[in-house]
Amino acid sequence: CKMPKDEAMTALGGPIALCKAHSSKVFEYCAREARQVFGGNAYTRSGLGERVERLYRDVGAYAIPGGSEEILLDLAVRQGNRSKL
């Protein structure tokens, strides 16, 4: 299925922005919960909690290239309102 670029930006921009914002929130939640499960080990850069520590540290860095959550949510609302008109 091919969709013209202008139509795709209008029809898919909002839903994709919502998906990106939601995925960064879910990733942050999962990293926080993993930190709770691992307890003190999640604060060490070696050993059992190494991966959890790294994920929790990098959560913000992974979200930023996708766009700030506030900007993505604003885009989704604007796109949704525009498509309703």
Side-chain angles (χ1 to χ4, degrees):
C1 174
K2 289 280 187 174
M3 186 182 287
K5 185 177 180 179
D6 293 336
E7 184 182 345
M9 288 184 353
T10 303
L12 301 175
I16 290 173
L18 280 176
C19 287
K20 288 173 83 172
H22 183 67
S23 66
S24 66
K25 283 190 163 289
V26 167
F27 181 43
E28 190 272 330
Y29 172 77
C30 291
R32 188 179 56 227
E33 291 299 310
R35 202 172 200 184
Q36 288 289 323
V37 169
F38 275 76
N41 285 331
Y43 292 92
T44 61
R45 290 192 178 198
S46 61
L48 294 174
E50 178 182 4
R51 289 186 179 162
V52 174
E53 187 274 333
R54 180 173 220 171
L55 287 174
Y56 195 78
R57 183 170 25 108
D58 293 343
V59 126
Y62 289 134
I64 291 170
S68 172
E69 286 178 14
E70 292 83 13
I71 293 170
L72 290 172
L73 294 173
D74 182 60
L75 172 67
V77 168
R78 289 177 189 265
Q79 289 284 340
N81 286 339
R82 185 179 300 162
S83 67
K84 298 286 186 207
L85 297 177

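Residue numbers start at 1 and run along the sequence shown. The figures that follow rest on heavy atoms only: side chains count, while hydrogens, waters and symmetry mates do not.
- Contact between Ala17 and Leu75 at its shortest, heavy atoms only, is CB-CD2, 3.8 Å.
- For the pair Arg45 and Arg57, the minimum side-chain heavy-atom distance is below 4.5 Å.
- For the residue pair Leu72 and Ala21, the shortest heavy atom distance occurs at CD1-N, 3.9 Å.
- Surrounding CZ of Arg54 are at most 12 heavy atoms belonging to other residues, nucleotides or ligands under 6.0 Å away.
- Atom CG in Asp58 sits 8.0 Å away from atom CD in Glu53 (nearest 0.5 Å).
- Here Lys20 contributes atom NZ and Lys25 contributes atom NZ; the two are 16.0 Å apart, rounded to the nearest 0.5 Å.
- Between Leu18 and Leu73, the closest side-chain pair of non-hydrogen atoms falls below 4.5 Å.
- Taking each heavy atom of Leu48 and Phe38 in turn, the nearest pair found is O-CE2, 3.4 Å.
- In this structure, the side chains of Arg32 and Tyr56 come closer than 4.5 Å at one or more pairs of heavy atoms.
- One finds the CG atom of Leu55 at 10.5 Å from the CD atom of Glu50 (value rounded to the nearest 0.5 Å).
- Between Glu69 and Ser24 the shortest heavy-atom distance is OE2-OG, 3.1 Å.
- Across all non-hydrogen atoms, the minimal contact from Gly13 to Gln79 is C-CG, 4.3 Å.
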